[in-house]
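Report on the following structure.
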2 protein chains.
Amino acid sequence: MKAKEVLKDYVAKNATLTDEQFEYFFSHFELQNFKKGQVIISQGSIVDSEYFVISGCLKSFFINEELKMFILQFAMPNWWASDFEALYNHTKASTSLDCITDAEVLCLSNANREKICSEIHAVESFFRWRTNKGYVASQKRLLSFMNNNVKFRYEELLNLYPQLYNLVPKNLIAAYLGVSRETLSRLYHT
Amino acid sequence: MKAKEVLKDYVAKNATLTDEQFEYFFSHFELQNFKKGQVIISQGSIVDSEYFVISGCLKSFFINEELKMFILQFAMPNWWASDFEALYNHTKASTSLDCITDAEVLCLSNANREKICSEIHAVESFFRWRTNKGYVASQKRLLSFMNNNVKFRYEELLNLYPQLYNLVPKNLIAAYLGVSRETLSRLYHT
DNA sequence: CGGTTAAGGTGACCTACATCACATCTTAGG
DNA sequence: CCTAAGATGTGATGTAGGTCACCTTAACCG
């Protein structure tokens with residue numbers, strides 16, 4: 001399926017745009033291809049776009065002073081990724097974004113998003129919906145973090161994204177769950 | 001300061017509404033007064049409104065099977081609170097909301113929010129901004145949870161809301177930080 | 001004003017997970 | 001096809017924070 005159709009299907013589920021409106025909306029995106037390992041946003045740099053994943057898998061992550069990595073999000077097809085704080089506040093990125101696999105993404109600049117949001121009310125509404133969905137997901141993850149142990153959270157993650165099991169190395173899964181790779185390994189072995 | 005002015009100042013910082021538009025916007029809210037300890041939303045019930053805090057302090061929380069409480073948010077003046085997942089998806093609340101102190105809030109129903117969002121583009125934009133702010137705050141908290149120990153997170157919380165130190169009992173602070181009250185107590189005593 | 005309940009502190013002990021060290025095994029490039 | 005780097009498993013040991021038990025002090029209410 002072509003990138004345009006992927007986005008169109010996604011939008012159609014949550015907003016009502018005419019074909020012309022969608023064409024205009026879509027004209028503000030730029031299709032980009034990245035290779036496995038390529039960095040899209042890096043900590044400390046300026047961020048001016050957000051990314052809608054068509055194919056492949058990205059990760060948004062943070063590396064602390066001791067060089068330990070924490071993964072905030074695995075971005076699979078139909079997900080959005082960026083450093084939204086830096087993007088909206090025009091500050092430097094506090095997190096990075098890179099490619100776990102080769103990936104195809106649609107890039108939308110901050111300026112273009114604000115432009116189409118102000119031009120088309122339904123688009124503004126669509127982005128409000130999307131952001132709300134992200135907020136709710138983030139709150140759920142926080143709650144699960146406080147309430148559940150590693151094993152539960154690991155199985156919860158695999159239930160939600162079964163593809164991750166084969167796609168992503170275990171050390172990255174551990175960095176998402178907030179535990180060491182050794183502990184994750186010991187959940188089912190030893 | 002009256003409730004209307006509190007909301008007006010808050011909105012003015014992040015959206016451009018004419019006085020008439022604001023009056024109309026405001027007419028969709030209902031002022032409510034609650035006593036300390038009163039429950040606004042309880043786990044398992046239907047949610048149909050969100051709340052903007054004028055004065056006092058609320059908490060949104062979750063109680064698990066072992067009756068352990070986790071606090072998702074302390075809602076201080078100028079903050080919004082609800083169970084947003086239940087509110088948007090018309091499902092039953094998975095979290096509760098109650099009053100730590102006597103509180104004055106502006107109540108906005110889901111139906112009214114959607115109504116004014118669709119009627120006034122600037123209002124839709126305002127709510128997109130607000131939701132984005134909540135999302136960013138939630139991601140930051142998650143990251144801090146993974147990256148920092150209890151002492152750091154406690155000091156971070158008190159830096160952000162110094163009022164909490166005297167306003168809220170330590171067992172609630174502990175439930176927000178995700179540790180036992182004993183551990184929190186031992187940070188500075190013993 | 002007296003009694004009940006909430007808030008807070010602290011000792012003893014337990015457990016989940018971290019860290020370090022090292023041993024395979026797999027895989028992508030040259 | 002060979003080799004270095006990445007991915008994974010596992011033992012030994014350390015530690016932050018949990019749990020339980022009990023005590024003191026403060027606050028609220030009939």
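In this text the structure is predicted, and so the values were computed from the model without any measurement. Throughout, protein chains are lettered first and strands after them, A, B, ... in sequence-line order, and every chain is numbered starting at 1. For the numbers below, each heavy atom of this structure counts, side chains included, while hydrogens, waters and symmetry mates do not.
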What nucleotide, of [options], holds the atom closest to the side chain of [X]?
X	options	result
N149(A)	dG17(D), dC17(C), dG11(C)	dC17(C)
P169(A)	dT8(D), dT10(C), dA7(C)	dT8(D)
E182(A)	dT19(C), dG17(D), dT10(C)	dT19(C)
V179(B)	dG18(D), dG11(D), dC17(C)	dG18(D)
N171(B)	dG8(C), dT10(D), dT10(C)	dG8(C)

Establish, from distance only, whether the side-chain atoms of S138(B) and Q139(A) form a donor-acceptor pair under 3.5 Å.
yes
Nearest-angstrom distance from the residue atom [atom1] of [X] to [atom2] of [N]:
X	N	atom1	atom2	result
F70(B)	dG18(D)	CZ	C1'	12 Å
H189(B)	dT25(D)	NE2	C1'	13 Å
R186(A)	dG11(D)	CZ	C1'	7 Å
K35(A)	dA28(C)	NZ	P	14 Å
L184(A)	dT10(D)	CG	P	13 Å
N147(B)	dC17(C)	CG	C1'	16 Å
L187(B)	dG17(D)	CG	P	8 Å
K170(A)	dC25(C)	NZ	P	18 Å

Any side-chain N or O of S185(A) under 4.0 Å from OP1/OP2 of dT8(D)?
no
Between S180(A) and dA18(C), is there a contact of a side-chain N or O with OP1 or OP2 at under 4.0 Å?
yes
Upstream residue (5' side of DNA chain D) when R181(B) and V168(A) are each assigned their closest nucleotide:
V168(A)
Using a 4.0 Å heavy-atom cut-off across all strands, classify K68(B) as base, sugar-phosphate, or nothing.
sugar-phosphate
Indicate, with a heavy-atom threshold strictly under 4.0 Å, whether G37(A) touches base, sugar-phosphate, or nothing.
nothing
Y176(A) and its side chain to side chain contact (heavy atoms under 4.5 Å, CB included) partner, picked from Q73(A), R141(A), R153(A), K59(A):
R141(A)
Counting neighbours of CG on N149(A) that are heavy atoms of other residues, nucleotides or ligands and sit closer than 6.0 Å, is the number greater than 12?
yes
Neighbour count above 12 (heavy atom, 6.0 Å) for K170(A) NZ:
yes
Under the 3.5 angstrom rule, does the side chain of H28(A) hit a backbone N or O of S109(A) as a donor-acceptor pair?
no
